[in-house]
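See structure below.
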Amino acid sequence: MTPAPAPSPDSTGRAFDAVLCDLDNVIRFYDTAPLAALERAAGLPEGTTADLGYAPETDLPLLLGRITPDAWVESIAAGLTERVGAERAHELGRALADAPFRADEEVVALLRRARTHVPLVLVTNATLQLDADLALLGLTDLADAVVSSAVEQVAKPDPAIYRIAAGRAGVPVKRCLFVDDRQENIDAAAALGMTTALYREPDDLRRALGPCAEEAVVAP
């Protein structure tokens with residue numbers, strides 16, 4: 001599908017009236033070092049567990065709220081048992097599920113500034129644990145709304161989740177800026193007419209936000 005033309009700036013000079021932002025690998029980052037150490041000890045290449053755990057056939061049922069995280073761990077273990085044995089396979093699956101995470105404070109600060117200008121909605125392929133995870137990160141107040149695949153039972157890059165997010169922001173789809181680290185998710189948003197920003201580092205977000213990256217000036 002050919003992406004729709006980019007929206008033109010309005011009287012404010014912006015091409016968007018809301019920011020829709022991904023969570024993982026934009027705001028939240030995982031520490032995979034403990035898992036990598038376990039993989040080396042098991043004689044597996046680093047990333048083997050994640051490759052299995054995040055394969056669509058393993059991961060999508062979790063992200064659509066159809067299985068629990070424990071069931072996800074079991075499915076990972078089932079795929080690794082023949083290679084490393086049942087006990088170590090479960091240890092690897094659990095290490096992936098319980099990997100510690102942190103928020104990028106620079107990204108959080110940029111998004112908080114943006115929200116002083118326009119609505120901010122998180123749009124994430126996430127589990128039913130998302131609310132608890134946001135609380136652990138101290139980010140329950142970051143956005144005006146959170147659109148989670150596990151709650152909506154639809155996942156990016158399905159166009160439906162983008163439309164849901166635009167609705168929560170209260171703006172037309174074509175007046176949204178969508179930020180994500182995955183090209184297929186960006187392409188789906190662009191096909192709907194959204195302004196898009198492929199995230200690799202905070203400067204990508206800063207450039208996309210433009211003046212919205214600055215604190216709004218409140219008249220005295």
Side-chain angles (χ1 to χ4, degrees), residues 1-28 103-126 130-131 133-134 137-220:
M1 180 182 294
T2 302
S8 301
D10 64 6
S11 59
T12 69
R14 293 192 309 263
F16 56 89
D17 295 317
V19 176
L20 313 183
C21 188
D22 182 31
L23 177 66
D24 289 325
N25 300 314
V26 177
I27 301 170
R28 173 170 65 174
D104 185 311
E105 293 303 327
E106 185 175 359
V107 171
V108 169
L110 286 169
L111 292 173
R112 289 196 186 280
R113 291 176 204 155
R115 193 181 170 201
T116 66
H117 298 269
V118 295
L120 169 65
V121 177
L122 299 185
V123 191
T124 176
N125 288 351
L130 179 60
D131 287 347
D133 289 351
L134 290 174
L137 290 166
L139 298 181
T140 55
D141 65 342
L142 177 63
D144 294 285
V146 177
V147 175
S148 165
S149 62
V151 173
E152 306 301 335
Q153 298 189 340
V154 62
K156 296 178 294 185
D158 190 313
I161 197 167
Y162 301 88
R163 295 189 179 101
I164 291 168
R168 301 280 167 81
V171 304
V173 168
K174 292 184 179 182
R175 294 299 302 174
C176 294
L177 166 65
F178 177 74
V179 183
D180 201 285
D181 68 301
R182 297 181 68 89
Q183 187 65 54
E184 61 266 34
N185 296 340
I186 288 290
D187 291 345
L192 291 173
M194 292 183 178
T195 301
T196 60
L198 181 65
Y199 183 89
R200 292 291 179 263
E201 59 185 12
D203 278 348
D204 296 325
L205 176 61
R206 183 178 287 104
R207 283 192 295 270
L209 292 174
C212 288
E214 305 300 326
E215 289 285 0
V217 177
V218 179

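Note that this is a predicted model, so its numbers are computed, not measured. Each residue takes its place number in the sequence, starting with 1.
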Handout entry: Closest non-hydrogen atom pair, A190 against T196
Key = N-CG2, 3.7 Å
Exercise for the section: Measure the spacing between CZ of R113 and CD of E214 and express it to the nearest 0.5 Å. Expected result: 6.5 Å
Fill in the blank from the handout: d(C176 SG, L20 CG) to nearest 0.5 Å is 4.0 Å
Exercise for the section: Walk me through it: do L142 and L120 pass the test side chain to side chain contact (heavy atoms under 4.5 Å, CB included)? Expected result: CA-CA 8 Å; L142 177 63; L120 169 65; 4.1 Å; yes
Handout entry: Residues in side-chain hydrogen bond (donor to acceptor under 3.5 Å, both in side chains) contact with R206, at least two apart in sequence or another chain
Key = E106, D203
Completion exercise
Heavy-atom closest pair (D181 atom, R200 atom, distance to 0.1 Å) is O-NH1, 2.8 Å
Fill in the blank from the handout: Heavy-atom closest pair (V26 atom, C21 atom, distance to 0.1 Å) is CG1-SG, 3.8 Å
Problem - Straight-line distance of L198 CG to D204 CG, nearest 0.5 Å - result: 7.0 Å
Completion exercise
On a heavy-atom basis, the closest approach of P202 and L110 is O-CD1, 3.8 Å
Exercise for the section: Might you work through the salt bridge (Lys or Arg N to Asp or Glu O under 4.0 Å) test for D141 and R112, ending with a clear yes or no? Expected result: CA-CA 10 Å; D141 65 342; R112 289 196 186 280; 3.2 Å; yes
Problem - L192 and R163, any side-chain heavy atoms less than 4.5 Å apart - result: yes
Problem - Basic-acidic side-chain contact under 4.0 Å: D22, K156 - result: yes
Handout entry: ring pair (Phe, Tyr, Trp, His ring centres under 6.0 Å) contacts touching residues 155-187 (sequence neighbours left out)
Key = Y162-F178
Completion exercise
Checking V19, L209, D144, V171 against V118 for side chain to side chain contact (heavy atoms under 4.5 Å, CB included), the one that qualifies is V19
Problem - Under 3.5 Å: donor-acceptor pair, side chain of D104, backbone of V107 - result: yes
Exercise for the section: Identify, with sequence neighbours excluded, every residue that meets side-chain hydrogen bond (donor to acceptor under 3.5 Å, both in side chains) alongside N125. Expected result: none
Problem - Check: V151 and L130 side chains under 4.5 Å, non-hydrogen atoms - result: no
Problem - Within-4.5 Å side-chain heavy-atom neighbours: V123 and I161 - result: yes
Exercise for the section: Decide yes or no for N25 and D180: does some side-chain heavy atom of the first lie under 4.5 Å from some side-chain heavy atom of the second? Expected result: no
Exercise for the section: For residues R14 and R175, report the shortest heavy-atom separation together with the two atoms involved. Expected result: O-NH2, 3.1 Å
Exercise for the section: Kindly indicate, with the supporting measurements, whether the criterion salt bridge (Lys or Arg N to Asp or Glu O under 4.0 Å) is fulfilled by E152 and R168. Expected result: CA-CA 12 Å; E152 306 301 335; R168 301 280 167 81; 3.0 Å; yes
Exercise for the section: State, with a plain yes or no, whether a side-chain heavy atom of L122 is found less than 4.5 Å away from one of I27. Expected result: yes
Practice task
Examine distances only and state if a side-chain atom of D158 and a backbone atom of A155 form a donor-acceptor pair shorter than 3.5 Å.
Solution key: no
Fill in the blank from the handout: Here the pair of heavy atoms bringing A126 nearest to S149 is N-OG, 2.9 Å
